[in-house]
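The block underneath contains the structure these notes are about, expressed in structure tokens.
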Amino acid sequence: NAGVTQTPKFRVLKTGQSMTLLCAQDMNHEYMYWYRQDPGMGLRLIHYSVGEGTTAKGEVPDGYNVSRLKKQNFLLGLESAAPSQTSVYFCASSRDRGFAEAFFGQGTRLTVV
Amino acid sequence: AQSVTQLDSQVPVFEEAPVELRCNYSSSVSVYLFWYVQYPNQGLQLLLKYLSGSTLVESINGFEAEFNKSQTSFHLRKPSVHISDTAEYFCAAFRQGGSEKLVFGKGTKLTVNP
């Protein structure tokens with residue numbers, strides 16, 4: 001029962017480097033989300049997807065891109081990392097749009113130096 | 001746009017004391033409401049949720065929250081806390097008929113002292 005799995009769990013990047021965070025879910029959920037968590041800010045939505053092949057911008061999309069080529073995977077990309085993107089990133093998936101049955105991954109702690 | 005306000009950023013209490021973590025939401029239309037808990041260096045776990053029906057919802061570990069439409073509140077309560085309840089708690093709201101977003105409050109750090 002894997003649920004939502006995020007890889008990697010930790011990463012340190014230099015400013016300007018690129019990377020991709022992978023979120024995988026095995027529950028056949030349609031809806032997937034990427035959030036970032038910063039101290040005192042709660043969780044803020046970066047991008048989301050309502051189904052395979054679809055993506056949409058959330059609250060703080062600048063500097064990130066996403067892709068949902070397969071239903072079970074939702075990738076978050078940073079093309080040119082900046083120190084302001086130092087954060088903990090959480091992926092979530094949901095059976096429906098109302099988050100009534102939603103699950104979060106364990107998070108990816110990213111530091112950009 | 002939907003917003004969620006958690007009125008206290010930190011709440012220190014002694015073990016076995018009662019606690020209330022306050023949450024207010026902005027939308028006047030139908031909402032789903034959630035409380036999530038985050039233990040140190042872990043992900044988010046759903047604590048309880050209100051979708052419809054009874055306004056009082058309970059978790060398996062003794063927490064409860066009451067949906068109050070007139071006061072647009074969803075406060076989290078526990079009559080007697082344990083050291084193991086030390087964690088950060090997030091209130092979240094999903095507005096039906098709106099965008100696809102689950103909006104979070106900024107979190108309340110609950111510290112239970114012996």
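In what follows, chains are A, B, ... by sequence order, proteins preceding strands, each numbered from 1. We use all heavy atoms of the structure for the numbers below, so side chains are in, but hydrogens, waters and symmetry mates are not.
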Which answer fits [X], side chain, backbone, both or neither, if we ask what part of it has an atom under 4.5 Å from a heavy atom of chain B?
{"X": "A/Val88", "answer": "neither"}
{"X": "A/Phe99", "answer": "both"}
{"X": "A/Gln6", "answer": "neither"}
{"X": "A/Leu43", "answer": "both"}

Give the minimum heavy-atom separation between A/Phe90 and B/Gln42, together with the two atoms involved.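 So the minimum-distance heavy-atom pair works out to CZ-O, 4.1 Å.
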How close do A/Gln37 and B/Phe90 get, counting heavy atoms only, and between which atoms?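 Minimum heavy-atom separation between A/Gln37 and B/Phe90: NE2-CZ, 3.1 Å.
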With sequence neighbours excluded, residues passing side-chain contact (heavy atoms from CB on, under 4.5 Å) with A/Glu59: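 For A/Glu59 the side-chain contact (heavy atoms from CB on, under 4.5 Å) partners, ignoring immediate neighbours, are A/Arg44.
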By a 4.5 Å heavy-atom criterion (distance strictly below it), what part of B/Leu51 contacts chain A: side chain, backbone, both, or neither?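 Just its side chain gets close to chain A.
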With only heavy atoms counted, which part of B/Gln45 is less than 4.5 Å from chain A, the side chain, the backbone, both or neither?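 For B/Gln45, neither part sits under 4.5 Å from chain A.
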If hydrophobic clusters are built from ILVMFWY residues whose side chains come within less than 4.5 Å, do [X] and [Y] share one?
{"X": "B/Leu56", "Y": "B/Tyr32", "answer": "no"}
{"X": "B/Val13", "Y": "B/Trp35", "answer": "yes"}
{"X": "B/Leu44", "Y": "A/Tyr33", "answer": "yes"}
{"X": "B/Phe67", "Y": "B/Leu76", "answer": "yes"}
{"X": "A/Tyr35", "Y": "A/Met19", "answer": "no"}

Only pairs of heavy atoms separated by less than 4.5 Å count here; which of B/Val4, B/Leu102, B/Val103 has the most with chain A?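 Option with the greatest count: B/Leu102.
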Are there residues of residues 104-113 of chain B that reach to under 4.5 Å of chain A by heavy atoms, and which ones?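 Interface residues of residues 104-113 of chain B: B/Phe104, B/Gly105, B/Lys106.
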Just wondering, do A/Arg97 and B/Phe94 contact through their side chains at under 4.5 Å, heavy atoms?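 The answer is yes; the side chains approach within 4.5 Å.
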Pairs of donor and acceptor atoms involving the side chains of residues 71-79 of chain A, under 3.5 Å and at least two apart or interchain, shall be tabulated with distances.
{"residue": "A/Lys71", "atom": "NZ", "partner": "A/Asn28", "partner atom": "OD1", "Å": "3.0"}
{"residue": "A/Lys71", "atom": "NZ", "partner": "A/Glu30", "partner atom": "OE2", "Å": "2.9"}
{"residue": "A/Glu79", "atom": "OE2", "partner": "A/Asn65", "partner atom": "ND2", "Å": "3.4"}

Does atom CD of B/Glu15 have more than 12 heavy-atom neighbours, drawn from other residues, nucleotides or ligands, at distances under 6.0 Å?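 Result for CD/B/Glu15: enclosed.
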What are the residues of residues 101-113 of chain A, in order of number, with any heavy atom under 4.5 angstrom from a heavy atom of chain B?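 The stretch touches chain B at A/Glu101, A/Ala102, A/Phe104, A/Gly105, A/Gln106, A/Arg109.
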